[in-house]
Amino acid sequence: FLHLSDAERHVWLEVVNDQPACAFTQVHAPLLETYSRHVVLGRILADEIANFDRGWLADAEGLKRYDKLLTMHEREGRAASSLATRLRITRQAIHELTVSRQNVNQSKSKKPWEI
C-alpha cells in the first residue's frame, strides 16, 4: 500500500470497500496493487486520448502517436480486466457469489423431503 500513488490508493480503497471484509487477504495485496496501477494508467491514457490534438491526425507521425495511445490504453484495459477476474471483483463474479449464497440459504431453510 505504501508503494502506491494517491490515485492508486483511491482505486485500492474503492475496490476493498466495495467487497466484504473477508474478500481479501494479504496474499491479494500484489494483485490489488497491480490492478490499481493498471486502472490509473488506463485513466491517464484515456485523458491523453480525449485531449489529443486532432490536427495531428493529418500527419503520419501524429497518427502513429494516436494509434500508440489507443494500443496502450487497450493493453491497460485488458490487464485490469484480467486482474479483476482473478480478484473476483467483476460483476459476473459478484453475481455468481450472490446466487451461490442464495442457493445455500435456500437449501438450509428446507428439509431434504420438502420441495
Side-chain angles (χ1 to χ4, degrees):
F1 198 73
L2 298 174
H3 308 290
L4 299 176
S5 69
D6 289 341
E8 292 165 348
R9 280 189 198 107
H10 181 72
V11 172
W12 171 296
L13 291 172
E14 283 179 336
V15 171
V16 171
N17 290 335
D18 191 50
Q19 301 297 317
C22 63
F24 303 111
T25 65
Q26 188 61 33
V27 172
H28 296 102
L31 287 176
L32 278 166
E33 281 185 25
T34 305
Y35 172 79
S36 299
R37 285 194 182 101
H38 284 293
V39 169
V40 170
L41 287 171
R43 289 175 181 169
I44 291 168
L45 289 165
D47 287 344
E48 285 292 317
I49 292 166
N51 297 320
F52 194 80
D53 183 356
R54 303 291 184 228
W56 290 9
L57 296 178
D59 175 82
E61 282 301 312
L63 192 56
K64 279 185 190 178
R65 182 169 182 224
Y66 188 67
D67 184 56
K68 183 71 172 175
L69 285 171
L70 291 173
T71 301
M72 292 165 54
H73 184 261
E74 179 194 7
R75 184 174 52 230
E76 292 303 323
R78 278 187 280 123
S81 176
S82 175
L83 289 164
T85 300
R86 286 180 176 86
L87 289 165
R88 298 180 188 266
I89 58 173
T90 62
R91 290 186 68 177
Q92 180 180 355
I94 293 167
H95 175 73
E96 289 172 359
L97 179 62
T98 303
V99 169
S100 175
R101 285 182 180 162
Q102 288 173 347
N103 289 340
V104 167
N105 289 339
Q106 287 176 353
S107 68
K108 286 181 179 180
S109 64
K110 295 181 180 181
K111 305 281 188 239
W113 56 89
E114 295 176 341
I115 297 178

With a 4.5 Å limit on heavy-atom distance, are the side chains of Ile44 and Glu76 in contact? no

pair His3-Arg37: side-chain heavy atoms closer than 4.5 Å: yes

Salt bridge or not for Glu61 and Arg65, using N-O below 4.0 Å?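 No salt bridge links Glu61 with Arg65.
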
Electrostatic pair Lys64-Asp67, nearest N-O below 4.0 angstrom: no

Starting at [atom1] of [X], measure out to [atom2] of [Y] and round the result to the nearest 0.5 Å.
X: Glu48; Y: Lys68; atom1: CD; atom2: NZ; value: 14.5 Å
X: His10; Y: Leu4; atom1: NE2; atom2: CG; value: 13.0 Å
X: Phe24; Y: Leu31; atom1: CZ; atom2: CG; value: 9.5 Å
X: Arg86; Y: Leu32; atom1: CZ; atom2: CG; value: 13.5 Å
X: Glu33; Y: His38; atom1: CD; atom2: NE2; value: 11.5 Å
X: Glu8; Y: Leu13; atom1: CD; atom2: CG; value: 12.0 Å

Looking only at heavy atoms, which two atoms of Val39 and Ala80 are closest? And how far apart?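 The answer is CG2-CB, 4.2 Å.
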
Nearest heavy-atom pair of Val27 and Pro30: which atoms, and what distance? O-CD, 3.3 Å

Do the side chain of Ser82 and the main chain of Arg78 share a donor and acceptor less than 3.5 angstrom apart? no

Between Asp18 (side chain only) and Glu14 (backbone N and O only), is there a donor and an acceptor less than 3.5 Å apart?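 Side chain of Asp18 to backbone of Glu14: no pair is present.
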
Under 4.5 Å side-chain heavy-atom separation, chaining through any Ile, Leu, Val, Met, Phe, Trp or Tyr, what else clusters with Leu69? Say none if it is isolated.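 Leu45, Ile49, Phe52, Trp56, Leu57, Leu63, Tyr66, Leu70, Met72, all in the cluster of Leu69.
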
